[in-house]
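One structure below.
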Amino acid sequence: MKRSLLALAVLSAIAGTASAQSSVTLSGGLDLAIERTNGAYQFGSGNSGRSAFTIAGVEDLGGGMAAFFALNYRFTPSTGQTNSAYSPTQFWRQDWLGLRGGFGEVRLGRMLPVLQEFNGGFDPFGTETVGSVHTGGLGAGLAGGARLNNAIYYKSPNLGGLQVHANIAAADQQLAGSSTANFTGGAERPIGLGAIYAAGPIRFVVAYDKNTRDLKTTGIYGAYNFGIAEVMAQYEKGDITATTDQTVYSVGLKAPVGAATLKAGYRSNSDAKQKKLGAGVDYNLSKRTVVYTDIAKQSGDGHTTAEKKARFDVGLWHKF
């Protein structure tokens, strides 16, 4: 009897150790708002990155090595439909499988290129809500705006705050988007390269992207956290066609005030004759639930009359 109990205890310990070596998590959120854009009111979620769920897992392989995966799906909670500008039938917005260790991290699958991996972190609105002053992707019409299929992505180890990122992808099967600058298929392999330095209050990034149509974008991003507020800036210069390019920049800040976070930003694209001012506030009801409101005003000959009308939103965002 004692031997049986001892064997059971040993097996339980082994099973506990095995289960501790791997894990799968579910995370995400839902965001719904009343919005006024282009002079029209709508009820829905224009904040595609917030209404989503991610299934992620990691397994400890020993010796400092681990295998990991992530599956990210975005949707519109007001309708339940897939939220994808690139393909309505694309279920996973991003998905990858990878290995990490002392050499860094390697991911295989569908994912953002290097430049897009970085630039959203330097918009005080996080590329979401009507207030966003994000410079990259479809909003700016630059070459970096899309996800890559059949991609390989590498992150170096963190070396005293410095980390290098690189990507390459197959030339075919890059999905077309609504912008002429997005991936449409062709002979060129998309490539990206960038580096981030993050130490203490400073974050600084330099990144380069070339898509499958050989359109290129260079980005420089920076932020400094003063404690009472974090200021940030974005600068991008990118090809729109084979013979034309655009330069766009933005500045912004985020300031925590108790349970609230105040946000403001300005974006300018002089080549496209477009400007935008945005301001907003997030109020944390809890660690996971946020109510927010934002206002924005676009100007310049590059915007239509409808686009120049004041924008605002009032929304609720719950994270899990």
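When a residue number appears, it is its place in the shown sequence, counting from 1.
Using modelled atom types and a 3.5 Å distance limit, the side chains of Asp95 and Tyr73 yield no donor-acceptor pair. Under the 3.5 Å distance criterion, with hydrogens and angles disregarded, no donor-acceptor pair is assigned to the side chains of Asp123 and Gln234. Side-chain polar atoms of Arg110 and Asn149 form a donor-acceptor pair below 3.5 angstrom.
Screening residues 242-255 for salt bridge (Lys or Arg N to Asp or Glu O under 4.0 Å) gives Lys237-Asp245 as the qualifying pairs, with residues at least two apart or on separate chains. Sequence neighbours left out, not one pair with a member in residues 229-268 passes ring pair (Phe, Tyr, Trp, His ring centres under 6.0 Å). A salt bridge (Lys or Arg N to Asp or Glu O under 4.0 Å) check over residues 268-289, counting only residues at least two apart or in different chains, returns the pairs Lys263-Asp282.
A 4.5 Å side-chain heavy-atom check between Val58 and Ser23 finds at least one atom pair inside the cut-off. In this structure, the side chains of Glu236 and Leu115 come closer than 4.5 Å at one or more pairs of heavy atoms. Lys210 is listed as a side-chain neighbour of Glu188, based on a closest heavy-atom distance under 4.5 Å. The shortest distance between side-chain heavy atoms of Ile191 and Asn211 does not fall below 4.5 Å. Ile55 has its side chain within reach of Phe69: a pair of non-hydrogen atoms, C-beta onward, lies under 4.5 Å apart. Considering only heavy atoms from C-beta on, Thr54 stays 4.5 Å or farther from Leu26 through its side chain. In this structure, Arg100 and Met65 have side chains that are not in contact, with every pair of non-hydrogen atoms separated by 4.5 Å or more. Considering only heavy atoms from C-beta on, Lys309 stays 4.5 Å or farther from Thr37 through its side chain.
Linking Ile, Leu, Val, Met, Phe, Trp and Tyr whenever their side-chain heavy atoms come within less than 4.5 Å leaves Val314 and Trp317 in two separate clusters. Hydrophobic clustering (ILVMFWY, side-chain heavy atoms < 4.5 Å, transitive): Phe320 and Leu316 are in distinct clusters. Under the 4.5 Å side-chain heavy-atom criterion for ILVMFWY residues, a single connected hydrophobic cluster contains both Leu253 and Phe226. Connection of Ile228 to Leu262 is not established within any shared hydrophobic cluster, with ILVMFWY side chains joined at heavy-atom distances below 4.5 Å, either directly or through further cluster members. Under the 4.5 Å side-chain heavy-atom criterion for ILVMFWY residues, a single connected hydrophobic cluster contains both Leu277 and Val251.
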Output side-chain donor-acceptor pairs under 3.5 Å for residues 158-168, partner residues at least two apart or in another chain, one line each.
unit_1: Asn158; atom_1: OD1; unit_2: Gly161; atom_2: N; d: 2.7
unit_1: Gln163; atom_1: OE1; unit_2: His165; atom_2: NE2; d: 3.2
unit_1: Gln163; atom_1: NE2; unit_2: Ser156; atom_2: O; d: 2.9
unit_1: His165; atom_1: ND1; unit_2: Tyr153; atom_2: OH; d: 2.8
unit_1: Asn167; atom_1: OD1; unit_2: Val114; atom_2: N; d: 3.0
unit_1: Asn167; atom_1: OD1; unit_2: Gly192; atom_2: N; d: 3.4

Acceptor/donor pairs from residues 194-205 side chains to any protein atom, 3.5 angstrom cut, sequence neighbours excluded:
unit_1: Arg203; atom_1: NH1; unit_2: Gly121; atom_2: O; d: 3.2
unit_1: Arg203; atom_1: NH2; unit_2: Gly121; atom_2: O; d: 3.2
unit_1: Arg203; atom_1: NH2; unit_2: Glu230; atom_2: OE2; d: 3.0

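Smallest separation of non-hydrogen atoms from Gln274 and Gly302: NE2-O, 3.2 Å. Scanning both residues, Ala264 and Pro124, for their nearest heavy atoms gives O-CG, 3.4 Å. Minimum heavy-atom separation, Thr289 to His318: OG1-ND1, 2.9 Å.
Ile295 belongs to a hydrophobic cluster with Tyr41, Phe312, counting contacts under 4.5 Å between side-chain heavy atoms of Ile, Leu, Val, Met, Phe, Trp and Tyr, direct or through other members.
Listed for the Arg107 side chain is no donor-acceptor partner under 3.5 Å among the backbone atoms of Ile152. Using modelled atom types, no side-chain atom of Ser51 and backbone atom of Thr76 make a donor-acceptor pair closer than 3.5 Å. Of the possible polar contacts, one joining the Arg267 side chain to the His134 backbone as a donor-acceptor pair under 3.5 Å is found. Checked by atom type and distance alone, the side chain of Gln298 pairs as donor or acceptor with a backbone atom of Glu307 at under 3.5 Å. With Thr135 contributing its side chain and Val248 its backbone, the two residues share no donor-acceptor pair below 3.5 Å. With Gln246 contributing its side chain and Asn269 its backbone, the two residues share no donor-acceptor pair below 3.5 Å. Glu59 places no side-chain N or O within 3.5 Å of a backbone atom of Ser22 that could act as its donor or acceptor partner. When atom types are taken as modelled, the side chain of Asp209 and the backbone of Thr217 share no donor-acceptor pair closer than 3.5 angstrom. Formation of a donor-acceptor pair under 3.5 Å by the Thr293 side chain with backbone atoms of Asp313 is found in this model.
Other residues, nucleotides and ligands place more than 12 heavy atoms under 6.0 Å from the CZ atom of Phe103.
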